[in-house]
2 protein chains.
Amino acid sequence: MKRLFTYRLCLIGFKRKGFDRVYSYTLGESAGASAEQVRKDFSIFKITGNKRGGYKIDELLSAIEDIIKHQEDQYMIIVGMGNIGRALVQYKRFKLRKMIIVASFDVDPSKQSKRWNIPVLPMEMLEDIIKKFHVKIAILAVTEISAQDVANRLFDLGIKGLLNFAPIILKTPDDVVVNNINLCDELESVIYYTQKVLE
Amino acid sequence: MKRLFTYRLCLIGFKRKGFDRVYSYTLGESAGASAEQVRKDFSIFKITGNKRGGYKIDELLSAIEDIIKHQEDQYMIIVGMGNIGRALVQYKRFKLRKMIIVASFDVDPSKQSKRWNIPVLPMEMLEDIIKKFHVKIAILAVTEISAQDVANRLFDLGIKGLLNFAPIILKTPDDVVVNNINLCDELESVIYYTQKVLE
DNA sequence: TCATGTTTGTGATATCATTCACATATAAAA
DNA sequence: TTTTATATGTGAATGATATCACAAACATGA
């Protein structure tokens, strides 16, 4: 599944370079997987190519889109307007992927201005917005101190998917999906493997 | 390896809550792994607990630190002062983990002010800084258009580890470690699994 | 001090993921 | 049209990870 996203990325790259076909070998090379891996992955999802001719990039891309599909706009909120929250609010790429941030929230009233393209609201308005836009997905970018409390509140209000930037493993109900991004750990992992490569 | 970071996170959490011991079951529960998994992981790294008494959190933590170890400060640079670059420059947590961002870079002269605690320099100064601080690790937060070019330049200047936020799979020399973070994909993956959980 | 219940540490086993190997299809060239 | 070289698609083999099952250790309470 993770690889599907990588393939898509590579395919977009190939398309930009003017190709209209790829071979499992080419794609694998660029995505960091073996050719067989690529073909197996596709066969699992019943994506089929052309013997001898490889895969047509456009067909492949739309097949992948179908699997990852959410054709409709996905409304989302961001909670926590610190460094990361602010960066994400302004991140333009979300819109291209039909991911719409309808509002952001922060406890700090001084952050509740409308300097950004998206309103920064007080926490009391969480319920209103979530109900109004039927928000199911939230981005959590608060401190680790308040992360669990805020998360609980979001779960109570019906949030079912969370992208969590707080450096803490949240306790979550079974029917909620959480994806943790810990920037320090990601960097630390780079450092670790770099040191290993350098013997 | 990935789990080691998760364990550390959980252990810090337990410590904050006042515990001084954990059991494989407790830790696994909180880290999203089975108890056996936790013990196996530890046994691989020769981390040993106390039968019946579990593991002492402090000992465990320092054992994990030893494995992930980089006791010395790690000097790093950030290239690209867009939304993400700016957020990372201000991200305070890096310092706590001995990861020091010595400078950031951007092609856009208008961004080369000293508003931040860290200087924003023109690309021409890359070599100077990398040489001066013996920088081996870089964070890439430029657009996908220029990402490959900038990356190549960094590799030429001796960068061996890269945390890449550009939505592109980079071509890299064998002795370079790259860790990709694609925010859209991370969010999309949340959406995907959330839809799945909701049947 | 001893018995007891609990938790670790780890081979054996099972599950999952990747690679191999090759039959099959087919685009392109002759 | 026929040949041929090249890719796919997929079972079988291998390798990697996770779970099971249980003996050994030892805190704790009687």
Side-chain angles (χ1 to χ4, degrees), chain A residues 1-8 10-11 14-15 17-64 66-68 169 174 180 189 192-193 196, chain B residues 1-8 10-11 14-15 17-64 66-68 169 174 180 189 192-193 196:
Chain A
M1 188 62 214
K2 188 99 198 293
R3 280 196 300 265
L4 230 52
F5 289 107
T6 309
Y7 295 151
R8 175 166 65 171
C10 294
L11 289 169
F14 281 124
K15 210 177 156 181
K17 280 178 194 154
F19 295 97
D20 64 336
R21 285 177 170 189
V22 279
Y23 306 119
S24 57
Y25 178 79
T26 330
L27 183 54
E29 166 100 0
S30 130
S34 69
E36 302 89 333
Q37 181 89 86
V38 172
R39 298 201 298 273
K40 256 280 152 67
D41 287 343
F42 288 169
S43 90
I44 287 166
F45 290 108
K46 306 265 179 274
I47 295 175
T48 163
N50 186 311
K51 303 208 175 194
R52 179 75 208 264
Y55 303 85
K56 286 197 178 161
I57 291 182
D58 283 330
E59 287 177 15
L60 247 187
L61 269 173
S62 71
I64 292 177
D66 278 354
I67 295 163
I68 310 177
I169 304 295
D174 289 341
N180 295 299
S189 139
Y192 178 80
Y193 287 111
K196 262 202 156 171
Chain B
M1 188 61 212
K2 189 99 199 293
R3 280 198 299 267
L4 231 52
F5 288 108
T6 309
Y7 294 151
R8 175 167 65 170
C10 294
L11 289 169
F14 281 124
K15 209 177 157 183
K17 281 179 193 153
F19 294 97
D20 64 336
R21 285 176 170 189
V22 279
Y23 305 120
S24 57
Y25 178 79
T26 330
L27 183 55
E29 165 100 1
S30 132
S34 69
E36 302 89 331
Q37 180 91 86
V38 172
R39 298 202 297 272
K40 258 281 155 64
D41 287 343
F42 289 169
S43 91
I44 287 166
F45 290 109
K46 307 266 179 272
I47 295 175
T48 165
N50 185 311
K51 304 211 173 188
R52 179 74 208 265
Y55 303 84
K56 285 197 178 164
I57 291 182
D58 284 330
E59 287 176 15
L60 247 187
L61 269 173
S62 70
I64 292 178
D66 278 355
I67 295 163
I68 310 177
I169 303 296
D174 289 342
N180 294 299
S189 139
Y192 178 79
Y193 288 110
K196 261 202 156 172

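Just so you know, these numbers use all the heavy atoms, side chains as well, and skip hydrogens, waters and symmetry mates. Per chain, numbering begins at 1; letters A, B, ... match sequence-line order.
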Got a second to check how far [X]'s [atom1] is from [Y]'s [atom2], nearest 0.5 Å?
X	Y	atom1	atom2	answer
Ile68(A)	Phe45(A)	CD1	CZ	8.5 Å
Phe5(B)	Tyr192(A)	CZ	OH	8.5 Å
Asn50(B)	Lys56(B)	CG	NZ	8.0 Å
Arg21(B)	Tyr55(B)	CZ	OH	13.0 Å
Cys10(B)	Ile169(A)	SG	CD1	5.0 Å
Ile57(B)	Ser62(B)	CD1	OG	12.0 Å

Protein-nucleotide distance ([X], atom [atom1]; [N], atom [atom2]), rounded to Å:
X	N	atom1	atom2	result
Ile44(B)	dT8(C)	CD1	C1'	15 Å
Lys46(B)	dG9(C)	NZ	P	12 Å
Phe45(B)	dT10(C)	CZ	P	15 Å

query: OP1, OP2 of dT8(C) versus side-chain N and O of Ser43(B): anything below 4.0 Å?
result: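 False: Ser43(B) side-chain N/O out of range (4.0 Å or more) of dT8(C) OP1/OP2.
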message: Need two values: the first and the last nucleotide of DNA chain D, 5' to 3', having an atom under 4.0 Å from any heavy-atom of chain B.
response: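 Terminal contacting nucleotides, 5' to 3': dA18(D) to dA27(D).
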field: Donor-acceptor under 3.5 Å (Ser34(B) side chain, Gln37(B) main chain)
entry: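 Yes, the answer is positive, given that a donor and an acceptor are paired below the 3.5 Å cut-off.
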task: Going by the side-chain contact (heavy atoms from CB on, under 4.5 Å) test, name the single residue among Ile64(A), Thr6(A), Asp58(A) that passes it with Leu11(A).
output: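 Of the listed residues Ile64(A), Thr6(A), Asp58(A), the side-chain contact (heavy atoms from CB on, under 4.5 Å) partner of Leu11(A) is Ile64(A).
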Under 3.5 Å, N/O pairs linking protein and nucleotides 2-7 of chain C:
| from | atom 1 | to | atom 2 | distance (Å) |
| --- | --- | --- | --- | --- |
| dG5(C) | N2 | Arg52(B) | NH1 | 2.9 |

field: Carboxylate-amine/guanidinium contact Asp20(A) Lys15(A), below 4.0 Å
entry: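 No, no charged N to carboxylate O under 4.0 Å.
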- prompt: Looking at five pairs on each end of the helix from dT1(C)-dA30(D) to dA30(C)-dT1(D), what is the angle between the two axes, given to 10 degrees?
  reply: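 Between the axes fitted at each end of the helix from dT1(C)-dA30(D) to dA30(C)-dT1(D) lies an angle of 20°.
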field: 5' precedence on DNA chain C between Lys40(B) and Tyr25(B) (nearest-nucleotide basis)
entry: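 Counting from the 5' end, the first nearest nucleotide belongs to Tyr25(B).
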- prompt: At under 4.0 Å between heavy atoms, what does Gln37(B) touch on the DNA or RNA strands: base, sugar-phosphate, or nothing?
  reply: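 Counting heavy atoms under 4.0 Å across all strands, the contact made by Gln37(B) is with sugar-phosphate only.
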field: More than 12 heavy atoms of other groups within 6.0 Å of Tyr25(B) OH
entry: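 Not buried by this count: 12 neighbours or fewer within 6.0 Å.
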